[in-house]
Amino acid sequence: MTLQEKFEVLDKKNAEALLGGGQVRIDAQHKRHKLTARERIDLLLDAGTFEEIGKFVMHRCKDFGMEKEHYLGDGVITGYGKVNGRLVYVFSQDFTVFGGSLSESYAEKICKIMDLAMKNGAPVIGLNDSGGARIQEGVVSLAGYADIFYKNVMASGVIPQISAIMGPCAGGAVYSPAMTDFVLMVENTSYMFVTGPNVVKTVTHEEVSSEDLGGASAHSSKSGVTHFSCTNEAECIEYIKNLLGFMPQNCEEEAPVLPYESTGNELRPILNTLIPDNPNQPYDMREVVYQLVDKGDEGFVEVHKNYAENIIVGFARIGGRSIGIVGNQPSVLAGVLDNNSSKKAARFVRFCDCFNIPLLVLVDVPGFLPGTDQEWNGIINNGSKLLYAFCEATVPRVTVITRKAYGGAYDVMNSKHIGADLNYAWPAAEIAVMGAQGAAEIIFKKEISEAENPAEKLKEKVDEYTQKFATPYRAAHRGYIDEVIMPEETRKKLMSAFEMLENKVATLPRKKHGNIQL
Ligand code: HXC
């Protein structure tokens, strides 16, 4: 063979690899309104930055006629490239090759880029579209999954890991994305479940479609498995790029700080009137967030938007600095903490702490949700997840109490006592063990029942309790609140606070690891 002919062999192999499972299957993929694995990578990465690794890898299976069917790359495209100029590693499962199913060599390709990502400190993005374990390979495929799971866990907290689900993801295969930091799903073309509709029907006699059982809607609103439900693949990839912008490359680095030029007026007078006079009237905490962050509503990337809506979590920037926001949402269930909202916020706090993203906590919480449903589903353990997550977080932590901070929920929501660095309250804040009505009914029970006019007595006692405790001043006198501020000056205060806390150093006691209530 001449040198020229050898070059041509390479060209031919490259062209063959680009076609994956072939044009017919590519067309079928498009017909299902799905992009191919390579098209997804092209959308994700900056133009011309993708470098492929393992393009000519093939499976080694010799059973069931597999020795006669080979595709270069073997169903997953792996490599590295840049998103907005920053290095990322990527694997993209190719449904056109054996339904994107996972073989031994396919798993090795994924593990190889995960190892590189760990050594070089950059995020891994997984684009998932797979029929699961390569059935012809049996236990070898299961071993491959386990190898990936192990790497997911080793990488957790070291580099950000993001999973987009863009097709099937079933059986034990779901556990790799589930163990990554963020899961995004595409509506109507993706699903995740441990056991599919057929098994469900056999075991529980329930009839349910794949979409209803494990589609984007189910997982973004009911289970909380997915953080983002996306209307199409392009939107999903945009979300990934946007998310990456708030994160550092790894746990040793800080998130990028964008240049910020102050207009000179950081006051937001609208905040003085945003909260209703009547403490029982709801308002949307997002409106507060939009006033506090750079670029208003466009500057806030809400995570887990449709799940446990009584708490909001998400990323934004203040003065160009990336921050994570946790806020009670008074417009849903009065902003109470319950099982799901505690779990949602705890997970978010831990992500931010892993990756050095400071936390802003906006508090308007009447307490924990009462009821058998809550107690029997473990509000004691779930509430303590959030408590634990805040206690352990060493990133800069700033709290603003906008209205209510009652009972144990006051302690849990990033109070001074559990390590917050700066705690502000607005003048109408109510910081107490419980609401005035309930408190008066308990501590003045005898006095009220013996009074000539019990209703009048109750009102008098409620007023007394309100005057004494439904204010921020008792807490401020003790230094639990560092400053009572006018709502309009909150953004200004936060800009200074996060700048002041920029070089915060805090460490945890030496230990193997803590024992969070899982
Ligand atoms: C090998 C597979 C495959 C698999 C699909 N294919 N799944 N090959 N192993 N797991 C192949 C098909 O033979 C077909 O090949 C091509 O991929 C496309 O599949 P279709 O069935 O034609 O596509 P579609 O109708 O869209 O259905 C997709 C599907 C279905 C829902 C994923 O293929 C399916 O149910 N596959 C089996 C899923 C499964 O049971 N996997 C194992 C789960 S257990 P041709 O040559 O026709 O293109 C598991 C355990 C993991 O994953 C445990 C980890 C710990």
Side-chain angles (χ1 to χ4, degrees), residues 16 19-37 57-77 91-111 114 126-153 163 165-180 183 185-203 208-216 218 225 233:
E16 188 186 326
L19 270 185
Q23 195 58 48
V24 172
R25 293 192 182 96
I26 290 175
D27 294 343
Q29 178 85 344
H30 286 154
K31 242 191 200 152
R32 291 191 191 101
H33 304 290
K34 286 162 69 182
L35 298 174
T36 64
V57 166
M58 295 194 297
H59 71 74
R60 303 170 195 131
C61 181
K62 294 193 167 51
D63 297 308
F64 305 107
M66 288 292 279
E67 66 281 6
K68 294 189 209 102
E69 197 173 355
H70 283 282
Y71 299 93
L72 293 177
D74 195 34
V76 66
I77 296 153
F91 67 86
S92 183
Q93 300 178 333
D94 184 352
F95 192 79
T96 70
V97 176
F98 303 116
S101 58
L102 184 135
S103 70
E104 179 186 28
S105 28
Y106 176 132
E108 285 167 1
K109 284 180 73 175
I110 294 178
C111 289
M114 290 185 74
L127 307 174
N128 296 263
D129 186 0
S130 164
R134 178 89 47 91
I135 296 168
Q136 297 88 333
E137 294 207 7
V139 69
V140 172
S141 170
L142 299 185
Y145 270 117
D147 290 341
I148 296 170
F149 299 158
Y150 185 75
K151 301 244 181 247
N152 285 135
V153 174
S163 304
I165 315 298
M166 300 176 134
C169 183
V174 295
Y175 289 112
S176 172
M179 290 193 294
T180 62
V183 179
M185 289 183 76
V186 181
E187 288 157 23
N188 303 313
T189 51
S190 73
Y191 54 81
M192 292 176 86
F193 36 67
V194 174
T195 50
N198 291 340
V199 179
V200 169
K201 192 172 171 200
T202 311
V203 177
V208 64
S209 66
S210 290
E211 182 65 22
D212 285 348
L213 181 64
V225 165
E233 295 190 11

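Start at 1 and go down the list; that is how both ligands and their atoms are numbered.
Scanning the protein heavy atoms around atom 20 (P) of ligand 1, the nearest turns out to be F95 CZ, 4.9 Å. For atom 47 (O) of ligand 1, the closest heavy atom belonging to the protein is R25 NH2, 4.6 Å. For atom 55 (C) of ligand 1, the closest heavy atom belonging to the protein is F149 CE1, 3.8 Å. Nearest protein heavy-atom neighbour of atom 8 (N) of ligand 1: F98 O, 3.6 Å. The closest protein non-hydrogen atom to atom 40 (O) of ligand 1 is I135 CD1, 4.5 Å. Residue, atom and distance of the protein heavy atom nearest to atom 37 (C) of ligand 1 are G131 O, 4.0 Å.
A donor-acceptor pair under 3.5 Å is absent between the side-chain atoms of K151 and the main chain of I110, judged by distance alone. Judged by distance alone, the side chain of S190 and the main-chain N or O of M166 form no donor-acceptor pair under 3.5 Å.
Residues I135 and S101 fail the side-chain proximity criterion, which asks for heavy atoms closer than 4.5 Å. Between Q136 and H59, every side-chain heavy-atom pair lies at or beyond the 4.5 Å cut-off. Within the 4.5 Å cutoff, side-chain heavy atoms of Y145 are placed close to those of L102. At a threshold of 4.5 Å between non-hydrogen side-chain atoms, the residues M192 and V183 count as touching.
Closest heavy-atom contact between G20 and D94: CA-OD2, 3.6 Å.
Salt bridge present: R134 and D74 bring a charged side-chain N and a carboxylate O closer than 4.0 Å.
An N or O contact shorter than 3.5 Å is missing between Y145 and ligand 1 by distance. The N/O atoms of E69, backbone and side chain alike, include none that comes under 3.5 Å of an N/O atom in ligand 1. Note: no N/O pair closer than 3.5 Å links G171 and ligand 1 by distance alone. Of the polar atoms of G99, at least one N or O is found under 3.5 Å from an N or O of ligand 1, judged by distance alone.
Close approach to S101 involves these atoms of ligand 1, each under 4.0 Å from a residue heavy atom: 1 (C), 3 (C), 4 (C), 8 (N), 9 (N), 10 (N). Each of the following atoms of ligand 1 lies closer than 4.0 Å to a heavy atom of Y191: 31 (C). Atom numbering of ligand 1 starts at 1 in the shown order; those under 4.0 Å from a heavy atom of G132 are 52 (O). Proximity to R32 (heavy-atom distance under 4.0 Å) selects the following atoms of ligand 1: 23 (O), 26 (O).
Only the side chain of L142 comes within 4.0 Å of ligand 1, counting heavy atoms alone; its backbone N, CA, C and O stay farther away. Of the heavy atoms in A133, both backbone and side-chain atoms come closer than 4.0 Å to ligand 1. At a 4.0 Å heavy-atom cut-off, ligand 1 does not touch Y175 at all. Counting heavy atoms closer than 4.0 Å to ligand 1, residue F64 contributes nothing at all.
For F149, the CZ atom counts as densely surrounded, since its 6.0 Å shell holds more than 12 non-hydrogen atoms of other residues, nucleotides or ligands. Within a 6.0 Å sphere centred on NE2 of H33, other residues, nucleotides and ligands contribute 12 heavy atoms or fewer.
Taking the six-membered ring for Trp and thresholds of 30 and 60 degrees, F98 and Y71 have ring planes more than 60 degrees apart, a perpendicular arrangement.
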